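A quick write-up on the structure given underneath.
Quick caveat, the model's predicted, so the values are computed rather than measured. All values below come from the heavy atoms of this structure, side chains included, with hydrogens, waters and symmetry mates left out.
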Amino acid sequence: MNTVAEAELKKTIDSMILSPSGWRGIFSADGDEENPGTEIARPFKIIAAAAAAVFSEYLIARAAAEQSPAAGGSAKAPVIILGTDTRPTGKTIADIMIRSFLVSDCSVQFAGITAAPEIMAYARSGQDNAADGFCYISASHNPIGHNGFKFGLFDGGVLEGLEANKLIESFKSFMASDDSAGRISELPEKADEDKVRQVYAESNQIKQKALAAYRSFSEKVIYGESPQKCALNQAMIEGLKTFPLGIAADFNGSARTVSIDEEFFGSLGLGFHKINANPGEIAHAIIPEGDSLESCRRFLEELNAKDTSVLLGYMPDCDGDRGNLVIWDKSDKKGRSLEAQEVFALACMAELAHLVWTGELEYDNNGKCITKAAVAVNGPTSMRIDRIAKAFGVEVFRAEVGEANVVNLARNLRNKGYLVRIMGEGSNGGNITHPSSVRDPLATVFALVKLLTIRRGGVRNAGLFEIWKNMKKTDRNSEGTVQTDNRASDDFSLADIIASLPPFQTTSVSAPEAKLQVTTRDHAQLKSQYQKIFEKEWKEKKDKLMVQYSITGWEARACIGTEEIRNLTDFGDAQSGGLKIVFKNKADDIAFIWMRGSKTEPVFRIMADAENPELERELIAWQRAMTTAADNGNIV
């Protein structure tokens with residue numbers, strides 16, 4: 001390969017985002033992120049082959065390290081499960097990787113188009129010839145011309161931070177070696193064609209096994225594994241007889257078009273309706289936020305006009321691991337899209353009430369929780385989660401943005417004896433429900449289904465929403481007076497459930513004011529510059545903030561990987577992680593501003609969160625001005 005091509009390859013690798021959450025780039029042949037074509041640029045053909053070769057070496061090394069010297073013989077060839085979402089470049093990339101895996105002495109099981117939670121459930125199922133790892137070809141919610149890879153092991157989760165970074169460094173080192181491009185570009189051509197044909201011939205069988213594994217695993221996720229799981233399932237089914245419920249889905253051509261959704265909902269007695277249901281029928285923007293939810297909202301309204309039991313709708317992203325919601329708002333008599341933070345708060349409240357219903361969360365005679373339990377979230381998750389968790393007597397722990405960080409934080413907490421049923425990234429929507437290690441719209445939708453249908457039974461002989469109301473005790477209206485809800489336990493709607501959430505206003509990640517383009521490449525330096533500006537402006541604003549919003553002080557916190565650092569004295573110590581300024585009154589945290597450069601998109605994200613909507617608007621404008629000034633070096 002000539003020097004120009006080598007330079008082009010290096011430039012392409014430099015343009016990619018390589019993180020534990022996945023490797024991503026614009027794979028389309030012309031570099032247009034909206035190009036719906038199937039062809040990929042030549043450098044990405046080399047990158048796909050190299051990624052497969054490096055992951056193969058990683059799995060072979062793991063197998064060798066784990067093999068007992070007493071066992072004798074050589075380690076078996078690693079088994080890799082490969083799947084794609086519905087992006088048009090997926091098939092092209094998959095063919096290159098299949099060939100590269102085979103040449104690298106691995107066995108390949110190709111599941112074709114498969115949702116991310118589906119391939120992960122199959123990887124952890126241990127069926128037949130158990131997999132050593134999986135590779136999933138996807139760029140999640142990024143535009144259609146993007147693509148990328150997620151790598152994981154037989155436990156069904158993506159590689160945790162340290163291991164993911166090892167793989168990234170191996171890839172970079174490999175690509176920096178002499179004539180790596182030339183050697184890798186020839187690799188797929190060396191594959192045994194009979195073995196390639198066999199992989200494709202067995203693909204449908206692998207897909208069916210993945211679907212079966214996913215269905216079985218989804219039941220464990222939804223009902224849990226307590227002795228009460230059968231009773232919970234029965235209570236939901238009985239509730240549906242009295243309170244029938246229909247679900248609307250805008251698949252937007254995603255991998256969920258060929259997953260278990262329709263059959264699974266129907267088997268449990270729920271109505272199911274779908275649009276944009278052909279694989280690759282991507283009708284609008286992929287990210288399930290903002291305007292992208294409009295088609296689902298309109299579809300829900302059309303359905304509800306004919307059948308008033310249709311109350312919920314969801315739209316997944318392309319790999320089907322996240323689904324944000326639309327609901328029928330009975331009070332306004334129209335469909336409404338929920339914010340990502342609302343979705344996660346509802347799921348969190350539902351799953352904690354689930355634990356009370358089954359008796360897994362236990363309380364003493366004074367109502368104090370005696371179970372060591374926690375919720376794991378990312379740094380910019382709204383503080384409404386802290387209020388919900390506090391009502392249940394559960395702790396909240398925070399990690400840096402990135403699904404892998406939150407999953408690994410939850411794993412660390414379980415190792416310390418915590419019960420962690422639910423985790424997630426409130427800022428991005430969706431939720432992860434144990435034992436899953438990935439967001440899943442089925443888990444999100446069923447959290448609300450359980451809230452709506454389970455209206456009695458369990459250790460407290462109460463429904464999930466009634467349990468939440470009892471934990472919360474009272475609501476306060478805008479005048480601050482106490483309102484007690486004396487209605488019958490069955491007399492509530494989805495709008496009532498949403499209205500019961502702690503009243504926080506949070507900047508949406510899809511809002512224009514939440515994104516910045518910064519020129520400072522060193523984000524630790526940017527945060528140090530920002531600190532000088534913030535501390536100066538705090539002195540000027542603190543009296544006003546005290547009078548208007550009762551803010552008496554602040555604390556800087558950083559989330560790096562799975563760790564949250566409190567009382568940060570040097571903002572630059574947040575490095576490339578999330579930096580948060582938490583504002584306090586005398587007793588509580590009441591608002592925050594947050595910043596972090598995205599590791600999956602070329603943007604710098606900022607956010608504000610507050611109980612008072614006016615304060616959130618004021619804080620996000622202030623945060624944007626301070627961050628821009630820091631980037632410009634304006635420290636007057």
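For Ser203 (side chain) and Tyr200 (main-chain N/O), no donor-acceptor pair under 3.5 Å exists by modelled atom type. Put simply, the side chain of Glu400 never gets that close to the backbone of Gly379: no donor and acceptor are under 3.5 Å apart. Formation of a donor-acceptor pair under 3.5 Å by the Ser170 side chain with backbone atoms of Val54 is not found in this model. For the pair Ser259 (side chain) and Asp261 (backbone), a donor-acceptor distance under 3.5 Å is absent. Although no hydrogens or angles enter the test, the distance criterion places a donor-acceptor pair under 3.5 Å between the side chain of Arg398 and the main chain of Thr381. In this structure, the side chain of Arg322 engages the main chain of Asn428 through a donor-acceptor pair within 3.5 Å. Judged by distance alone, the side chain of Asn252 and the main-chain N or O of His284 form a donor-acceptor pair under 3.5 Å. Judged by distance alone, with hydrogens and angles left aside, the side-chain atoms of Lys527 form a donor-acceptor pair with the main-chain N or O of Gln575 at under 3.5 Å. Between the side chain of Ser216 and the main chain of Ala213, no donor-acceptor pair closer than 3.5 Å is present. Under a 3.5 Å cut-off, the side chain of Ser104 and the backbone N or O of Ser100 do form a donor-acceptor pair.
Taken to the nearest 0.5 Å, the NZ atom of Lys190 stands 14.0 Å off from the CG atom of Leu102. In this structure, CD on Gln525 lies 6.5 Å from OG1 on Thr520, to the nearest 0.5 angstrom. Atom OG of Ser427 and atom CZ of Arg596 lie 9.5 Å apart (nearest 0.5 Å). Annotation: the span from Ser254 atom OG to Ile286 atom CD1 amounts to 9.5 Å, rounded to 0.5 Å. Put simply, CD on Gln198 and CG on Asp194 are 8.5 Å apart, with the number rounded to the nearest 0.5 Å. Lys45 NZ to Glu39 CD: the interatomic distance, rounded to the nearest 0.5 Å, is 5.5 Å.
No more than 12 heavy atoms of other residues, nucleotides or ligands sit less than 6.0 Å from atom CZ of Phe154. In this structure, Glu294 places its CD atom where more than 12 heavy-atom neighbours from other residues, nucleotides or ligands lie under 6.0 Å away. Within a 6.0 Å radius of CG in Asp32, other residues, nucleotides and ligands contribute more than 12 heavy atoms.
Thr519 and Asp631 form a side-chain donor-acceptor contact under 3.5 Å, judged by distance and modelled atom types alone. Neither side chain, Asn276 nor Ser295, offers a donor N or O lying under 3.5 Å from an acceptor on the other. Between Arg215 and Ser267, the side chains place a donor N or O and an acceptor N or O closer than 3.5 Å (distance only, hydrogens not considered). Donor-acceptor pairing under 3.5 Å is recorded for the side chains of Asp317 and Ser140. If you check the side chains of Asp85 and Tyr136, you find no donor sitting under 3.5 Å from an acceptor.
Side chains of Ile137 and Met97 form a contact here, defined as non-hydrogen atoms less than 4.5 Å apart. A heavy-atom distance below 4.5 Å is found between the side chains of Lys172 and Leu18. With contacts defined as side-chain heavy-atom distances shorter than 4.5 Å, the pair Phe27/Thr92 does not qualify. Using a 4.5 Å cut-off on side-chain heavy atoms (C-beta onward), Ile565 and Asp573 make no contact. A heavy-atom distance below 4.5 Å is found between the side chains of Ile60 and Pro78. Residues Phe44 and Ile47 form a side-chain contact, since some pair of their non-hydrogen atoms from C-beta on lies under 4.5 Å apart. When side chains are defined from C-beta on, Val407 does not count as touching Val438, because their heavy atoms never get closer than 4.5 Å. At least one side-chain heavy atom of Val509 sits under 4.5 Å from a side-chain heavy atom of Glu289.
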task: Give the C-alpha distance, both sets of side-chain angles, the deciding distance and a yes or no for side chain to side chain contact (heavy atoms under 4.5 Å, CB included) between Phe604 and Leu526.
output: CA-CA 11 Å; Phe604 196 84; Leu526 176 66; 3.7 Å; yes

task: Mind running side chain to side chain contact (heavy atoms under 4.5 Å, CB included) on Asn378 and Cys559 for me, showing each step along the way?
output: CA-CA 8 Å; Asn378 70 2; Cys559 285; over 6 Å; no

- request: Would you sort out whether Arg99 and Asp95 count as a salt bridge (charged side-chain N to carboxylate O under 4.0 Å, His left out), showing the intermediate values?
  value: CA-CA 6 Å; Arg99 293 169 180 276; Asp95 188 69; 3.0 Å; yes

From CA spacing to verdict: side chain to side chain contact (heavy atoms under 4.5 Å, CB included), Arg605, Val401: CA-CA 11 Å; Arg605 296 194 180 279; Val401 167; over 6 Å; no

- prompt: How far apart are the C-alpha atoms of Glu160 and Lys166, what are their side-chain angles, what is the distance that settles it, and do they pass the salt bridge (charged side-chain N to carboxylate O under 4.0 Å, His left out) test?
  reply: CA-CA 10 Å; Glu160 58 90 14; Lys166 267 191 216 176; over 6 Å; no

message: Test side chain to side chain contact (heavy atoms under 4.5 Å, CB included) on Ile260 and Ser218; report intermediate values, then the result.
response: CA-CA 10 Å; Ile260 65 172; Ser218 294; 3.8 Å; yes

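Nearest heavy-atom pair across Arg24 and Lys150 is NH2-CE, 4.4 Å. Across every non-hydrogen atom of Phe344 and Gly430, the tightest pair is CD1-O, 3.3 Å. For Val406 against Val377, the heavy-atom pair with the smallest separation is CG2-C, 3.9 Å. Contact detail for Pro20 and Ile168: the closest heavy-atom pair is N-CD1, 4.4 Å. Closest heavy-atom contact between Ile93 and Ala48: CG2-CB, 4.0 Å. The minimum heavy-atom distance linking Phe55 with Gly152 is given by the pair CZ-O, 3.5 Å.
Phe151 pairs in a ring pair (Phe, Tyr, Trp, His ring centres under 6.0 Å) with only one of the listed residues (Tyr58, Trp23, Phe134), which is Trp23. Test Ile247, Asn324, Val343 against Tyr314 for side chain to side chain contact (heavy atoms under 4.5 Å, CB included) and you get one pass: Ile247. A side chain to side chain contact (heavy atoms under 4.5 Å, CB included) with Ile40 holds for exactly one of Ile26, Ile96, Asn147; it is Ile96.
Comment: Lys10 engages Asp14 in a salt bridge, judged by a side-chain N to carboxylate O separation of less than 4.0 angstrom. Ion pairing of Arg256 with Asp440 is present here, as a side-chain N (NZ or NE/NH1/NH2) and a carboxylate O approach within less than 4.0 Å. The existence of a salt bridge linking Lys11 and Glu8 is excluded, since no basic side-chain nitrogen approaches an acidic carboxylate oxygen closer than 4.0 Å. Between Glu118 and Lys207 there is a salt bridge, with a side-chain nitrogen of the basic residue lying less than 4.0 Å from a carboxylate oxygen of the acidic one.
Remark: aromatic rings of Phe397 and Tyr418 are close, center separation under 6.0 Å. Annotation: Phe171 is not in aromatic contact with Phe149 [ring centroid separation under 6.0 Å not met].
Between Phe264 and Phe446, the angle of the ring planes goes over 60°, which puts this pair in the perpendicular group of the 30/60° scheme.
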